[in-house]
Amino acid sequence: MRSKLDILLVNSMAPRQRIASDAALENSLATLRTYLEDKEFLVEIIDEQRISATEAGVPKWCLQLLQLIVRLQMKAYRKARYFWLVLMLIGWPIQALSMHYRNQYLSCKIDDIIQTLRDNNIHLLGIKVWYGDSFKWSKLLAAKVKAACPEVIIIAGGPQVKVYGEHIFHESDFDVAIMGPGEEILEKMIVLDRQVSSKSEFLHRFHAEIDPSRLVQSGIFQCMDGVDADQEHRYQPTIIPRYRAVDLEDKLLFHTLVDGFGCTWNKCNFCSHTRQAFYQPRPVQEIVKEFELMSRQGIGFFRFSSSETPVEHGKNIAQAILEKGLTVNYSMFIRAVKVTPEVYDAYCLLIQSGLRAVFMGGETGHDLINEKVMNKGIHKKELVDTITCIRLAATAVGKSCRIGLSLIYPTPVVDGVTLQDVFEENMRLIQETLPDTVIVNPPAVFPKTSWMNNANAFGFSITPDFVYNMMQYEYSTYKPVELWGNLGFSLQGKTTPEIIKETGRLRTAIAALGIPTDISDECLMMTEAIGYTTKADLLQFKSESLQDIMSGSNRYMREVIEKINTQGRHMANSKLNAR
């Protein structure tokens with residue numbers, strides 16, 4: 001019997017929102033669907049990451065009570081610790097009840113997916129897998145599908161696969177995982193599915209004819225042993241997703257746009273992006289075409305996806321935007337560089353074209369630590385000069401470009417350097433640059449990084465189950481240190497709670513300077529566009545959005561997103577000279 005659908009694609013679900021932009025447009029699944037539909041396959045997407053989804057399944061009275069308790073908890077945490085503990089005890093059963101309702105709802109969603117598979121006789125299920133509770137839900141989905149529909153081939157993809165690779169199969173029922181672009185692999189799988197009569201035959205032929213490994217590496221993930229001299233000839237045009245009306249409903253209308261793949265440096269000791277073999281820019285004409293097509297759908301906000309947009313590539317994109325007369329706002333990840341007049345001119349052009357926020361990985365203000373521990377390839381001078389350059393360019397152009405600086409703290413130290421030395425150099429860097437926000441992350445040890453491969457040399461002690469704990473841990477920088485457990489790793493004698501406490505010490509010192517912490521670049525861009533122009537505005541945004549996240553509510557973010565979407569539609573319908 002021919003299935004009504006060739007493949008079902010599912011975005012994994014979590015009981016709680018993680019960040020303010022969780023409800024953004026789901027570009028990667030839409031890209032897969034677009035590619036496969038162009039090949040005349042039938043594809044559907046189930047994506048519950050929407051604005052209203054955070055409250056689904058929870059009674060209104062429970063949400064309102066949690067909102068009140070969380071508001072009181074946040075006020076009491078730093079000023080009245082004993083009262084905070086009392087509020088935690090009062091709130092705990094309400095939080096547990098809310099999570100019970102949410103998990104019941106998410107379990108029903110699994111039942112709905114299974115029914116869809118049965119009703120449409122679908123043999124292929126693709127799951128976009130995220131970390132933490134989403135990963136737990138994805139594993140539960142896979143297990144229930146395997147039990148109810150044993151002939152369905154279950155395929156994992158997404159961020160969790162790119163970070164953890166083969167570990168994705170530990171105690172899970174995924175049949176295949178795709179690390180990298182999945183369009184061509186899924187096409188081959190659909191064609192093969194039409195030729196076989198059973199799952200066992202499918203898997204046998206898949207490994208014999210398509211890929212011998214359960215972990216399929218594609219794109220710039222597929223040549224880890226070295227870079228082909230002919231790498232440019234492997235480039236395939238990036239698919240521009242076609243969003244359906246349902247894809248835009250109840251969503252934050254900002255689009256993640258692929259500007260390139262990888263990072264030009266690609267040598268940081270801590271970074272999981274080193275799984276990618278090389279950097280590959282995307283042709284500018286493709287990028288501008290995508291801007292144009294998205295604008296026609298009322299989308300005005302964009303985030304570049306690559307882990308670094310090189311200055312020269314960014315300048316070329318900016319020139320094309322200006323030539324086309326597009327009205328867009330976008331954010332991007334950047335790397336500190338040696339500032340020259342050409343770099344300054346490039347940032348002037350970028351900001352004029354719509355660059356409104358950048359995210360810069362500084363890691364630390366201590367040059368020796370950046371060299372010996374991070375292998376970052378930059379010094380404090382480049383960090384300071386690049387931030388100063390962007391500020392001067394924004395002033396010259398008369399437009400805003402907000403700056404987010406990312407740090408890792410605490411960090412491994414070397415002989416002659418204490419943790420306090422690193423702390424003080426971090427504070428000096430922040431005082432010299434005064435970024436709009438600072439994102440402070442504790443050290444994380446990921447597979448296939450130098451920190452993992454040489455853990456002992458860097459002072460990390462890792463238990464055998466550490467990776468599996470991390471994959472399922474619901475990480476939040478705002479979780480009070482009292483609620484963190486020992487995840488199975490320590491740094492130079494510091495346990496996980498002690499590490500998190502030290503991270504909080506730096507975050508508190510930064511906040512004392514009046515600088516908001518841990519606001520993402522896309523939120524910097526979008527809040528600026530709706531008039532949140534001061535640090536006080538950002539601090540309110542952070543506080544109110546955090547209350548939503550902690551209480552499982554969308555009260556505040558629903559209002560903010562409505563303003564953002566209205567502004568985005570207005571921009572998309574405007575001409576550049578009307579700005």
Side-chain angles (χ1 to χ4, degrees), residues 17-27 49-54 243 247-257 259 290-291 294-295 297-305 309 318 321 326-334 350-360 390 394 399-406 435-439 515-549 554-574 576 578-579:
Q17 181 184 25
R18 280 84 174 274
I19 58 174
S21 56
D22 268 357
L25 296 171
E26 178 43 60
N27 71 309
Q49 290 285 70
R50 300 177 186 271
I51 300 166
S52 61
T54 55
Y243 290 118
D247 300 328
L248 305 177
E249 290 175 6
D250 203 23
K251 283 282 193 176
L252 170 57
L253 298 181
F254 100 82
H255 172 71
T256 301
L257 188 149
D259 61 297
E290 187 158 338
F291 272 128
M294 293 301 118
S295 293
Q297 296 190 68
I299 299 166
F301 293 110
F302 301 84
R303 183 190 201 185
F304 287 4
S305 69
T309 303
I321 291 172
L326 299 174
T327 303
V328 295
N329 278 184
Y330 59 96
S331 68
M332 67 187 193
F333 295 87
I334 64 168
L350 280 157
I351 295 167
Q352 181 63 41
S353 74
L355 177 65
R356 293 293 174 266
V358 297
F359 176 96
M360 179 189 295
I390 294 170
K399 305 286 184 181
S400 173
C401 183
R402 286 174 159 176
I403 298 166
L405 177 67
S406 174
D436 294 284
T437 186
V438 181
I439 298 174
I515 297 175
T517 58
D518 304 296
I519 299 176
S520 61
D521 55 296
E522 75 274 11
C523 287
L524 286 177
M525 166 187 64
M526 291 183 290
T527 52
E528 169 81 16
I530 61 172
Y532 292 16
T533 57
T534 67
K535 282 187 167 59
D537 292 332
L538 287 179
L539 287 169
Q540 181 185 0
F541 171 80
K542 174 188 168 183
S543 175
E544 296 282 355
S545 61
L546 181 58
Q547 286 185 38
D548 270 9
I549 290 170
N554 57 42
R555 173 194 60 83
Y556 174 74
M557 282 310 302
R558 186 172 57 248
E559 297 175 4
V560 172
I561 290 172
E562 184 177 341
K563 293 178 183 178
I564 290 171
N565 287 349
T566 299
Q567 178 64 15
R569 292 188 190 100
H570 173 73
M571 289 165 51
N573 294 323
S574 300
L576 183 65
R579 268 199 304 222

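All values derive from a computational prediction rather than experimental measurement.
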Next item on the list: Would you check if Ser331 and Phe359 make a side-chain contact, meaning some heavy-atom pair closer than 4.5 Å?
Entry: no
Note to self: Please check this pair: side chain of Asp548 against backbone of Tyr556, looking for a donor-acceptor N/O pair closer than 3.5 Å.
What the structure shows: yes
Next item on the list: Please examine the side chains of Leu25 and Leu248, heavy atoms only from C-beta on, and report whether any two atoms are closer than 4.5 Å.
Entry: yes
Notebook entry, point to check: At what distance, to the nearest 0.5 angstrom, does CD of Gln17 lie from CD1 of Ile549?
Noted result: 5.0 Å
Notebook entry, point to check: Under the 3.5 angstrom rule, does the side chain of Arg50 hit a backbone N or O of Glu249 as a donor-acceptor pair?
Noted result: yes
Notebook entry, point to check: Any ion pair linking Lys542 and Asp518 (charged N to carboxylate O, less than 4.0 Å)?
Noted result: no
Check: When rounded to the nearest 0.5 angstrom, what is the spacing between NZ in Lys563 and CD in Glu559?
Finding: 7.0 Å
Check: Does any N or O in the side chain of Thr437 come within less than 3.5 Å of the main-chain N or O of Ile519, such that one atom is a donor and the other an acceptor?
Finding: yes
Check: Going by heavy atoms in the side chains, are Tyr243 and Met294 under 4.5 Å from each other?
Finding: yes
Check: Just how far is it from atom CD1 of Ile321 to atom CD of Gln352, taken to the nearest 0.5 Å?
Finding: 11.0 Å
Check: His255 and Gln297: side-chain donor and acceptor closer than 3.5 Å?
Finding: no
Notebook entry, point to check: Would you say Arg402's side chain and Leu524's backbone share a donor-acceptor pair under 3.5 angstrom?
Noted result: yes
Next item on the list: Using a 4.5 Å cut-off on heavy atoms from C-beta on, say whether the side chain of Leu252 contacts that of Asn565.
Entry: yes
Next item on the list: Would you give the length of the straight line joining atom CG of Asn329 to atom CZ of Phe254, rounded to the nearest 0.5 angstrom?
Entry: 12.5 Å
Notebook entry, point to check: Just by distance, do the side chain of Lys251 and the backbone of Gln49 share a donor-acceptor pair under 3.5 Å?
Noted result: yes
Next item on the list: Would you confirm whether Ser295, through its side chain, and Phe291, through its main-chain N or O, come within 3.5 Å as a donor-acceptor pair?
Entry: yes
Next item on the list: Assign the ring pair Phe304 / Tyr330 to parallel, tilted or perpendicular, where the plane angle (0 to 90°) is split at 30° and 60°.
Entry: parallel
Check: Hey, are Thr534 and Asp537 close enough side-chain-wise for a donor-acceptor pair under 3.5 Å?
Finding: yes
Notebook entry, point to check: Under 3.5 Å, is there a donor-acceptor pair between the side chain of Ser543 and the main chain of Gln540?
Noted result: no
Item checked: NZ/NE/NH1/NH2 to OD/OE distance under 4.0 Å, Glu522 and Arg303 -> yes
Check: With side chains defined as the heavy atoms from C-beta onward, is the minimum distance between Arg555 and Gln547 less than 4.5 Å?
Finding: yes
Checklist line | Contact summary for Leu253 and Arg569, nearest pair of heavy atoms | finding: CD1-NH2, 3.6 Å
Checklist line | Heavy-atom closest pair, residues Glu290 and Thr256 | finding: OE2-O, 4.4 Å
Note to self: A side-chain contact here means heavy atoms from C-beta on lying under 4.5 Å apart; do Arg356 and Phe301 qualify?
What the structure shows: no
Note to self: Within this structure, what is the CG-CD1 distance for the pair Asp22 and Ile51, rounded to the nearest 0.5 Å?
What the structure shows: 11.5 Å
Check: Which pair of non-hydrogen atoms, one from Met571 and one from Val328, has the smallest distance, and what is that distance?
Finding: CE-C, 3.7 Å
Item checked: Result of checking Ile390, Asp436, Asp521 against Val358 for side chain to side chain contact (heavy atoms under 4.5 Å, CB included) -> Ile390
Check: If you measure from NZ on Lys399 to OG on Ser353, what distance do you get to the nearest 0.5 Å?
Finding: 11.0 Å
Check: Which heavy atom in Ala572 sits nearest to a heavy atom in Gly300, and how many Å separate them?
Finding: CB-N, 4.4 Å
Notebook entry, point to check: If every non-hydrogen atom of Cys523 is compared with every non-hydrogen atom of Thr527, which pair is closest and at what distance?
Noted result: O-OG1, 2.6 Å
Note to self: For a 4.5 angstrom cut-off between non-hydrogen side-chain atoms, does Leu350 reach Met332?
What the structure shows: yes
